[in-house]
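Okay, structure first, notes after.
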Amino acid sequence: MKRLKKAIDDYAMISRGYPLVDTALERFRYVITRAVQERGLSKILDVGCGTGTQVLKLRAAGLCAVGIDISPTMLRHAATRVPGGASSFVLGDGRRLPFSDHAFDGLVLSFALHEKPHSQRLAILAEGRRVLKPGGTVVVLDYVRPARVHGRFLSLFLSGIERMAGRAHYHAFCDYLQRGATEGVLHAAGLQLLRCTLGLLGTVGLFEGRWETPHPERFESKSENHLP
């Protein structure tokens, strides 16, 4: 933990633009909260929580939610927004979660996977599996490869934004898409997908899945029209 505080905060500059990100993702925050409630989850870990908006939504819905992020700058901002302040957030690396086994029944990752090298994505998901209770649910919001023409045009625009984040970030983003985007990465991590809700012209997907289910459920795919 001390090493993290001393490290260069790569997200310090990005945190200044997070109000715009939160505005763009506002409807997805509610969809994530609704998905968590529908699954009957009560204790949630938001990995890569940023400035805490999703944690705020979950706590407002009466759920116990904790956020973890590697950026001290992000967390300082988050602590000023959420009831409970700093106690709602933990400074840490998603690849080495400072929580005991089976501590949570829900895991949320919002745009936390596409910017990482593939080995780190799998490490984050493996740690998420460790801290989840058997049968716990994972909710992941991230990019998908659009099937429609309009979605492909929007994907080109989003690709330009990702390129602006830096060479390493953009390389990870391209690798993410080449591996089948979110669905491909989650399958590679051994996750059983239960449902996917698409949005932003099919460029973004909200995936729900589990590693252990006593009775396998059918995977459902929804169009963007299902989003509020």
Side-chain angles (χ1 to χ4, degrees), residues 10-11 21 25 28-29 31-32 35-36 39 44-50 54 67-70 92-97 104 106-132 135-148 151-152 154-156 158-159 161-163 165-213 216-224 227:
D10 294 331
Y11 294 86
V21 175
L25 298 181
F28 287 105
R29 305 296 188 193
V31 175
I32 289 173
V36 166
R39 296 288 175 185
I44 320 300
L45 176 64
D46 184 0
V47 179
C49 65
Q54 188 63 63
I68 184 168
D69 203 282
I70 200 169
D93 190 331
R95 295 170 294 174
R96 295 179 291 275
L97 295 173
F104 300 90
L107 190 73
V108 171
L109 298 102
S110 299
F111 288 100
L113 294 176
H114 75 271
E115 62 184 25
K116 306 288 194 306
H118 190 59
S119 61
Q120 292 186 23
R121 298 172 198 140
L122 296 182
I124 289 170
L125 290 167
E127 270 292 88
R129 184 174 188 173
R130 179 184 66 79
V131 302
L132 272 182
T137 301
V138 182
V139 180
V140 179
L141 176 66
D142 219 314
Y143 290 116
V144 300
R145 300 184 69 171
R148 301 177 183 177
R152 292 172 187 168
L154 178 57
S155 183
L156 290 175
L158 296 172
S159 177
I161 294 177
E162 293 295 329
R163 185 186 292 271
R167 180 178 297 179
H169 186 115
Y170 183 67
H171 177 77
F173 166 74
C174 292
D175 175 75
Y176 194 74
L177 295 183
Q178 290 172 0
R179 292 180 185 274
T182 304
E183 185 171 354
V185 169
L186 296 182
H187 274 306
L191 202 70
Q192 177 194 358
L193 300 181
L194 307 176
R195 180 167 61 183
C196 173
T197 305
L198 298 178
L200 291 181
L201 298 179
T203 60
V204 171
L206 181 70
F207 291 81
E208 301 166 51
R210 291 176 183 156
W211 277 291
E212 296 180 14
T213 46
E217 301 179 43
R218 181 175 61 87
F219 173 68
E220 303 172 20
S221 180
K222 297 184 177 181
S223 73
E224 60 218 309
L227 290 173

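Along the sequence shown, the residues carry numbers beginning at 1.
In this structure, E183 and V144 have side chains that are not in contact, with every pair of non-hydrogen atoms separated by 4.5 Å or more. Within the 4.5 Å cutoff, the side chain of I44 has no heavy atoms near those of the F104 side chain.
Not counting sequence neighbours, Q178 has no partner by the side chain to side chain contact (heavy atoms under 4.5 Å, CB included) test. Applying the side chain to side chain contact (heavy atoms under 4.5 Å, CB included) test to V138 and every residue at least two apart in sequence or in another chain returns L107, L109, L132, V140, L191, W211. By the side-chain hydrogen bond (donor to acceptor under 3.5 Å, both in side chains) test, H118 is found to be paired with R121, residues two or more places apart in sequence or in another chain being considered. Partners of R145 by side chain to side chain contact (heavy atoms under 4.5 Å, CB included), not counting sequence neighbours, listed by chain and number: L177, A181. By the side chain to side chain contact (heavy atoms under 4.5 Å, CB included) test, H171 pairs with no residue at all, sequence neighbours left out.
Residues Y176 and Y143 approach most closely at CE2-O, 3.8 Å, considering heavy atoms. Heavy-atom minimum distance, G205 versus C196: CA-SG, 4.4 Å. Heavy-atom minimum distance, G136 versus R210: O-CG, 3.3 Å.
For the atom pair D142 CG and F207 CZ, the distance stands at 9.0 Å (nearest 0.5 Å). To the nearest 0.5 Å, the span separating CG on L125 from NZ on K116 amounts to 11.0 Å. Taken from CZ in R130 to CZ in R96, the straight-line distance is 12.0 Å, to the nearest 0.5 Å. Rounding to the nearest 0.5 Å gives a distance of 9.0 Å between CD1 of I68 and CD of E127. Rounding to the nearest 0.5 Å gives a distance of 8.5 Å between CG of L97 and CD1 of I124. Here the straight-line distance linking atom CD of Q54 with atom CD1 of I32 works out to 4.0 Å at 0.5 Å rounding.
Comment: E208 engages R195 in a salt bridge, judged by a side-chain N to carboxylate O separation of less than 4.0 angstrom.
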message: Using the rule given for side-chain contact (heavy atoms from CB on, under 4.5 Å), can you reason through R39 versus L194, listing the C-alpha separation, both sets of side-chain angles and the distance that settles it, and then say yes or no?
response: CA-CA 11 Å; R39 296 288 175 185; L194 307 176; 3.6 Å; yes
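Residue pairs meeting the salt bridge (charged side-chain N to carboxylate O under 4.0 Å, His left out) criterion with at least one partner in residues 197-206, sequence neighbours excluded, do not occur; the list is empty.
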